[in-house]
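Pasting in a structure now, in structure tokens, and then I'll have a few things to ask.
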Amino acid sequence: MNCSEVQESLSAYYDGELSDKKCVRVSHHLEGCSHCEKDLTGFKKLATMTSELRMPSPPDNIWSRLEKQLEEGTRVRPADTDRPLPTSVPKWLVLAAAILITVGIGWLTYDRRFEHNERDRLAAEFAGYLDEFDRDPYKAQQILVAKYGGKTVDVEQVFKHVGYRPAVANGLLVGYRVESAHVMTMPRCKCVECFCTRDDGSKIAIFEHDDEESDWFRGRPKRAEICNGIECSVVELGGRIAVTWKRGTRQITAIGLRDLDEAAKLRAMLEKNNEF
Amino acid sequence: MQDTVAEIVTLCQRGDRDAQRQLYKSTHQKVYRLMVRMVGRQDADDLTQQVFLQVFRKIDQFAGRSKLETWLYQVAVNQALQHRRKEKRWKFQTLTLEPRSHDKREDESYEHKELIERALARLEPELRSIFVLREVEELSYREIAEVTSLPEGTVGSRLNRARRELQQHLSDLGWEP
């Protein structure tokens, strides 16, 4: 067998899926080929690393949620066929329905155009905020507060405004502190922004929000990463990054982080401190 | 309590809640584990729930030609891939991460876990499912072929590709074998 044939069968050889005859031929090749042997060693190392993967246990409440869903699914509904079918439909009703549909389509078109404009405006305003954050975080903060009616609140008062305690309420990483917190009315959701300071005086902004952050970073390259086993969306901002992850039904976006390590530590701290 | 899979399946087909619970209890860890690897921990709970909902709704379609476990994996993989397609904003794209510098203070094992998780996340979902079914769930090629509806020979070539791409991703992330 040549290298190409062995390479094609290497996984099957490694996994013990080859016939005895073919297995012997591959073994024979490997004894004299350091290149293919090296690839096989790579497979073994990969398996060792994979065996070290964290194996989280499923939460206990899945069954109760599932059972509830099953109960709802089996509840008997009146069959459609039991309903009397209309024998004839009056013309005035058809006309009224046609008018309603026409008005509805018109309203939807207007609404969508309005929504697009609103999203474009948000994208442009947020782009300005991010650019300014890089130069002067305080000024960026003021811009955002002014645009979205930001109300300065104590972290503990946030609950009154949005119905939940913000993730930072139970503390931040050592060397970080919350300088101020704001509740803002963004176009599609009410969000909480916590302006935080590191020991060296540099700033990060932590947003907790219901809406997707897609318009916030429009036009900036986005990638997915894993932070402590959780998928995060990462956007490069000059020398810093913005990282977004899901937290229950909401999302957290941290702006001005140095790197993924900082993101992972911050996320671990916020999730450790908060049961939701 | 019923003690054979066939009896449990029959009872599940009749909508017997105890049998459904028994089936769930005996298999949910495998499904959840697969979901964590396929869609991430934050969505694994919901997706595991959805998988079992599908399983109980479609259990009449389980003809017993394959192992129940294989059928469950099939439903789970389909659900995960469908979820990935829907959740485009979380879909993994080509990543351009710079090689990560090693911090010697960090525990090596932790580093390995983090690296392999990040490398796995970069693998396209179809390849990831095949790799996880083999390396984590330890399914045979025949079983993976049943789960993924691929010819058995293709499973080997996809695993070759998955392993090589994973090694490349690990190397891009700064892993030195």
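The chains referred to below are lettered A, B, ... by the order of the sequence lines, with proteins before strands, and numbering in each begins at 1. As a basis for the values below, the full set of heavy atoms in this structure was taken, side chains included, without hydrogen atoms, waters or symmetry mates.
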> For the residue pair A/Leu53 and B/Glu117, what are the closest heavy atoms and their distance?
Replying inline: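 Taking every non-hydrogen atom into account, CD2-CG, 3.3 Å.
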
>> With chain B as the partner, which of A/Arg65, A/Gln7, A/Glu67, A/Glu8 has the greatest number of non-hydrogen pairs under 4.5 Å?
In response: A/Arg65

>> For the OG1 atom of B/Thr48 and the CH2 atom of A/Trp63, what is their distance to the nearest 0.5 Å?
In response: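 B/Thr48 atom OG1 to A/Trp63 atom CH2 measures 13.5 Å (nearest 0.5 Å).
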
> Which value, rounded to the nearest 0.5 Å, describes the distance between A/Ser11 atom OG and B/Phe131 atom CZ?
Replying inline: 9.0 Å

>> As a quick check of understanding, evaluate side-chain contact (heavy atoms from CB on, under 4.5 Å) for B/Arg163 and A/Leu10, giving each step before the final call.
In response: CA-CA 10 Å; B/Arg163 283 171 168 144; A/Leu10 205 57; over 6 Å; no

>> Counting only non-hydrogen atoms closer than 4.5 Å, does B/Arg134 touch chain A with its backbone (N, CA, C, O), its side chain (CB onward), both, or neither?
In response: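 Just the side chain, heavy atoms under 4.5 Å.
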
>> Need one label for B/Gln20: side chain, backbone, both or neither, based on atoms under 4.5 Å from any heavy atom in chain A.
In response: both

> How long is the span from the CZ atom in A/Phe43 to the CG atom in B/Asn160, to the nearest 0.5 Å?
Replying inline: 5.0 Å

>> Go through it in stages, so that I can follow the logic: the residues are B/Val155 and A/Glu17, the test is side-chain contact (heavy atoms from CB on, under 4.5 Å), and I'd like the CA-CA distance, side-chain angles, deciding distance and then a yes or no.
In response: CA-CA 11 Å; B/Val155 172; A/Glu17 292 272 350; over 6 Å; no

>> Taking A/Gly42's backbone N and O only, do any of them form a donor-acceptor pair with B/Gln167's side chain (distance below 3.5 Å, no angle check)?
In response: yes

>> Quick check for you: to the nearest 0.5 Å, what is the distance between B/Gln49 atom CD and A/Lys68 atom NZ?
In response: 10.0 Å

>> Is B/Tyr24 close to chain A through its backbone or its side chain, or both, or neither, when contacts mean heavy atoms under 4.5 Å?
In response: side chain

> Considering all heavy atoms of both residues, which atom of A/Asp39 and which atom of B/Arg164 are nearest to each other, and what is their separation?
Replying inline: OD2-NH2, 4.3 Å

> Heavy-atom distance under 4.5 Å to chain B: side chain of A/Thr41, backbone, both or neither?
Replying inline: neither

>> Nearest 0.5 Å, please: how far is CG in A/Leu46 from CG in B/Leu120?
In response: 8.0 Å

